[in-house]
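Following: one structure in structure tokens, then a few remarks.
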Amino acid sequence: MKLLGKDLKYSDYRALLGSFFLALLLWAAVTTNKVYTIRVNLPFEITRLAEGYVLSERPPRTISLKLRGKGRALLALYFYKPIIRLELPSVDRSMEIDLNEYQNQFYVGQELGITIEGVLEPKKLVLKVDRYREAFKPVQIKYRIKPMPGYSLTGVEPETDSVMVMGPANLVNEIEKIESETITVENVRYPFSERLRLFSPYPEIVEISPLQISVKFVIEQIVERQLYNIPVQIIGAPKDIEPLPIPPVVSVRVKGSEGRIKDIEPGQITAIFNYAEDYRIGRNHYVPKIELPEGVSVVQVSPKSFRLMLKKKDHNQ
């Protein structure tokens, strides 16, 4: 490389860089010792109200201040931004406050010679205050689980049914449930557990505890089973008629998750014929309605229909 017709060597580069940094340090020494007035935005929070009271709306996240101090001190604010924390232990109702009246609580590095000239934005703050309340609220687990063919999701078991909700009473009272993040899993055939995050409906105002819970998802294989001697029950028949189903019993093949099918008993299955609703003159064969426990379905009924024989009751008996 050439500069002013001369070739620059590595030693020349070092000399140029050294001169540049020396000039930069000299400039910094002069300028950072001067006194400046600047506007700066700093994080802001209200940390305490009167005992038993909390904010029902979050205050602004930042506050804009007019500060005065030497350049080197103000420069430090860009590397270490203090959080402006305001304590209001006497506030127990909604009200408007003037932030300039609370400057004595704001720490901005006063030991470095920085002073607060004033609050620029917001100058005034409307506080909405409510009583503090805690309550347990039910948890709703959100999921999209798709088992493999031949398998079924038979249970969603969170480690706890409810969690503690804490915050302003009016918001806590409005909350009906706490929702989890949505878990999406496909092509599963074995039970599994996941830790899921819970979300507050009003973040930073209403807190929940715990923030995560463990949830077990029960996956079972779908199986079939034949159950025999299920009696056909006839309801709604006139008092003077004795209806008789032929045959009086049926067998039912059912399908469902392994756990449900394994424990099912014949007494949990009902074959019903409603005479008042379904009987037709001249018709002899009918199909019974099969009632099953939740999560169990019918594969086949044998025989598919029964013959209905009607017999007059003997009133002399």
Side-chain angles (χ1 to χ4, degrees), residues 138-158 160-162 176-177 179 182-183 185-192 215-317:
V139 173
Q140 180 182 9
I141 306 301
K142 301 182 70 177
Y143 57 90
R144 289 192 291 267
I145 307 296
K146 186 178 180 181
M148 292 181 65
Y151 292 82
S152 175
L153 173 67
T154 60
V156 178
E157 303 172 357
T160 179
D161 294 330
S162 59
E176 296 181 357
K177 60 182 179 297
E179 295 184 346
T182 301
I183 178 173
V185 183
E186 296 185 356
N187 298 322
V188 289
R189 60 175 180 171
Y190 298 111
F192 66 97
V215 183
K216 181 180 179 181
F217 296 90
V218 182
I219 308 293
E220 293 183 320
Q221 189 172 10
I222 297 174
V223 298
E224 296 183 4
R225 181 182 168 193
Q226 191 85 16
L227 293 118
Y228 300 91
N229 298 320
I230 309 299
V232 177
Q233 302 178 29
I234 298 178
I235 61 173
K239 294 181 179 180
D240 59 340
I241 292 179
E242 183 179 352
L244 299 173
I246 301 174
V249 296
V250 295
S251 66
V252 180
R253 189 165 189 80
V254 295
K255 179 176 70 173
S257 64
E258 187 175 6
R260 286 192 173 102
I261 296 302
K262 179 183 66 175
D263 297 331
I264 196 169
E265 299 290 340
Q268 297 176 266
I269 301 176
T270 308
I272 294 179
F273 172 70
N274 192 319
Y275 182 97
E277 294 181 0
D278 299 326
Y279 174 72
R280 299 293 182 269
I281 297 175
R283 183 176 173 184
N284 295 323
H285 288 82
Y286 295 90
V287 176
K289 179 182 178 183
I290 307 300
E291 295 183 350
L292 300 166
E294 183 181 358
V296 179
S297 60
V298 175
V299 177
Q300 185 180 34
V301 179
S302 182
K304 293 182 179 179
S305 63
F306 65 91
R307 185 165 63 89
L308 182 64
M309 187 176 73
L310 300 179
K311 180 181 177 182
K312 284 277 187 179
K313 289 184 178 179
D314 187 351
H315 296 287
N316 295 321
Q317 292 181 355

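Note: hydrogens, waters and symmetry copies are ignored here, and every other heavy atom, side chains too, is used.
- With Tyr286 contributing its side chain and Arg280 its backbone, the two residues share a donor-acceptor pair below 3.5 Å.
- Taken to the nearest 0.5 Å, the CG atom of Asn284 stands 11.5 Å off from the CE atom of Met309.
- For CG of Asp161, the number of neighbouring non-hydrogen atoms (other residues, nucleotides, ligands) closer than 6.0 Å is 12 at most.
- Interatomic distance, Ile264 CD1 to Leu227 CG, rounded to the nearest 0.5 Å: 6.0 Å.
- Val218 approaches Pro191 most closely through the heavy-atom pair CA-CB, 4.4 Å.
- Using a 30° and 60° split on the angle between ring planes, Phe273 and Tyr275 fall in the perpendicular class, above 60°.
- In this structure, Arg260 contributes its side chain and Lys262 its backbone to no donor-acceptor pair below 3.5 Å.
- Going from atom CZ of Arg225 over to atom CZ of Arg253 covers 11.0 Å, rounded to the nearest 0.5 Å.
- Put simply, OH on Tyr143 and OG1 on Thr182 are 11.0 Å apart, with the number rounded to the nearest 0.5 Å.
- Side chain of Ser302 to main chain of Ser251: no donor-acceptor pair is present (N/O by atom type, distance under 3.5 Å, no hydrogens or angles).
- To the nearest 0.5 angstrom, Lys312 atom NZ is 9.5 Å from Leu310 atom CG.
- Atoms CD1 and NE2, from Ile246 and His285 in turn, are 9.0 Å apart once rounded to the nearest 0.5 Å.
- Of all the heavy atoms in Tyr151 and Val188, the pair that sits closest is CB-O, 4.3 Å.
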